[in-house]
Each structure stands twice: as structure tokens, then as C-alpha cells.
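Computation of the quantities below employed the complete heavy-atom set of this structure, encompassing side-chain atoms and omitting hydrogens, waters and symmetry-equivalent molecules.
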Amino acid sequence: MAYTFQLVVDSQEPHPLADWWADALGWQVEPSDEDFIRGVIAAGRATEDDTTTHRGILVWKAGAAIRHPDGLEGAPRILFQLVPESKTVKNRFHLDVRTASDDPKTVVERLLANGATFLHDGRQGPWTWTTLADPQGNEFCLMH
């Protein structure tokens, strides 16, 4: 089965950077769903500390995304993700691989057997992922 992906750019200020790239590419910043964010917080799956306000709108602090005007049919989504460090030697782009209906654990095991390195498991609110490095050390994530 072929997988889809989104491009992720590490950033110390994801929302302004997403605005800049959306303008530069003629793409659209994905709108924030404030009701969804409040619902996730009310359900105990995230906290107020996971959010911030950008241009007067409640948003997830950890990221902002842009899309091609034709949606995902036009191009993969680009996510700008909050990181604490400025650019040094860490790669600034990585793939978030969506495994569709395949079992993520099986996919991780297969990739490890083919030379990937396990780095860590992560979680933000309701989302979880496993971060791996390819045989040359480039990071990517398998979304669960």
C-alpha cells in the first residue's frame, strides 16, 4: 500500500512562519477550530497551556498548517511545528507518514528491520506518533 505524507518544518514561531509561507506560495493557512480545541481541553485530552492566541484566534501552540488551494489533491499539507532550538544541524524538514489502515506497530517493526532507528514516541492532545530515523539519520514520524 502506498502512504501519504505531510511536510513538517521546525520553527521557533510556527504561526507567523505559516502565514509567511502561505502568502509566499499562494496557499491557505488552515483555519483554527476553536470549538474543537475547547472540546479537547474540556475532555482532559489537552490543557490551556497547549494553546495560544494568534491574530485574535485560539490556536494550538505547537503548530500551524497550510494547504494548497485545491486541498490535498493539489499538494501535501505543510505543518510548521514549534521547537525550542534554532536551526543547528538537525534537519528542518521531515515526513509525517500516515499508514492508512495498516497497523502502525507492524509498520514500525518493518521499518526497524529495514534499517530505521527508533528515536521516541510522542503525543500531543489526542494525537500520537513514533519518531524514527532512516538509515542516514533523517527523522520522520509514523502517525498512529
Side-chain angles (χ1 to χ4, degrees), residues 2-112 116-144:
Y3 302 129
T4 62
F5 67 92
Q6 72 178 353
L7 180 66
V8 178
V9 179
D10 291 343
S11 173
Q12 288 186 299
E13 296 183 61
H15 293 278
L17 190 58
D19 291 344
W20 187 90
W21 275 103
D23 180 65
L25 297 173
W27 285 24
Q28 300 162 346
V29 174
E30 290 183 350
S32 179
D33 185 339
E34 293 180 282
D35 290 337
F36 173 77
I37 293 171
R38 288 185 186 99
V40 171
I41 292 168
R45 297 170 62 196
T47 68
E48 292 286 338
D49 289 340
D50 294 326
T51 68
T52 190
T53 302
H54 179 68
R55 296 184 182 228
I57 298 170
L58 182 67
V59 296
W60 292 115
K61 185 185 299 182
I66 64 173
R67 287 187 183 206
H68 186 279
D70 293 335
L72 297 179
E73 295 78 26
R77 178 180 191 252
I78 300 175
L79 173 67
F80 299 88
Q81 174 179 280
L82 180 65
V83 295
E85 74 279 357
S86 60
K87 171 75 170 95
T88 55
V89 296
K90 181 180 183 294
N91 58 294
R92 299 297 284 183
F93 294 87
H94 72 266
L95 298 180
D96 276 353
V97 179
R98 296 189 175 127
T99 59
S101 62
D102 291 352
D103 174 45
K105 182 178 178 183
T106 301
V107 175
V108 168
E109 290 171 356
R110 178 176 55 81
L111 293 171
L112 292 172
T117 302
F118 173 82
L119 298 177
H120 59 84
D121 287 319
R123 177 184 168 177
Q124 176 187 329
W127 299 280
T128 61
W129 61 90
T130 299
T131 302
L132 304 171
D134 70 17
Q136 293 189 18
N138 297 303
E139 296 177 25
F140 64 98
C141 298
L142 285 172
M143 306 302 289
H144 302 191

* Asked: Does the pair Leu119 and Leu132 meet the rule for a side chain to side chain contact (heavy atoms under 4.5 Å, CB included), with working shown?
  -> CA-CA 5 Å; Leu119 298 177; Leu132 304 171; 5.7 Å; no
* Asked: Mind checking whether Val9 and Leu79 have side chains closer than 4.5 Å, heavy atoms only?
  -> no
* **Polar side chain donor-acceptor pair, Asp121 to His144, under 3.5 angstrom** => no
* Asked: Quick one: does Asp19's side chain get under 4.5 Å of His54's, heavy atoms only?
  -> yes
* **Backbone N/O of Leu58 and side chain of Ser32: donor-acceptor pair under 3.5 Å** => yes
* **Closest contact, heavy atoms only, Pro14 versus Gly63** => CB-CA, 4.1 Å
* Answer yes or no: is there a side-chain heavy-atom contact under 4.5 Å between Phe80 and Ile66? => yes
* Asked: What is the minimum heavy-atom distance between Pro69 and Trp27, and which atoms define it?
  -> CD-CD1, 3.9 Å
* So, Gln12 side chain and Pro84 main chain: donor-acceptor pair closer than 3.5 Å or not? -> yes
Side-chain donor-acceptor pairs of residues 36-51 under 3.5 Å, sequence neighbours excluded:
| residue | atom | partner | partner atom | Å |
| --- | --- | --- | --- | --- |
| Thr47 | OG1 | Asp49 | N | 3.3 |
| Asp50 | OD2 | Thr47 | N | 2.9 |
| Thr51 | OG1 | Glu48 | O | 2.7 |

* Asked: So, do Arg77 and Leu7 sit near enough that their side-chain heavy atoms are less than 4.5 Å apart?
  -> no
* Asked: Will you find, in the side chains of Thr99 and Asp102, an N or O donor that is under 3.5 Å from an N or O acceptor?
  -> no
* Please assess Asp103 against Val107 for the test side chain to side chain contact (heavy atoms under 4.5 Å, CB included), listing each intermediate value before the final yes or no. => CA-CA 6 Å; Asp103 174 45; Val107 175; over 6 Å; no
* Where Ala64 and His15 come nearest, the two heavy atoms and their spacing -> CB-ND1, 3.3 Å
* Asked: Considering only heavy atoms from C-beta outward, does the side chain of Phe140 approach that of Leu111 to under 4.5 Å?
  -> yes
* Provide the full list of side chain to side chain donor-acceptor pair (under 3.5 Å) pairs with a residue in residues 61-72, sequence neighbours left out, each pair given once. => Glu30-Arg67
* Within a reach of under 6.0 Å around CD of Glu13, are more than 12 heavy atoms found that belong to other residues, nucleotides or ligands? -> no
* Might you work through the side chain to side chain contact (heavy atoms under 4.5 Å, CB included) test for Trp129 and Asp96, ending with a clear yes or no? => CA-CA 9 Å; Trp129 61 90; Asp96 276 353; over 6 Å; no
* Structure fact -> Separation between NE2 (His120) and OG1 (Thr131), nearest 0.5 Å, reads 3.5 Å
* Asked: How close do Ala62 and Gln124 get, heavy atom to heavy atom, and via which atoms?
  -> CB-OE1, 3.2 Å
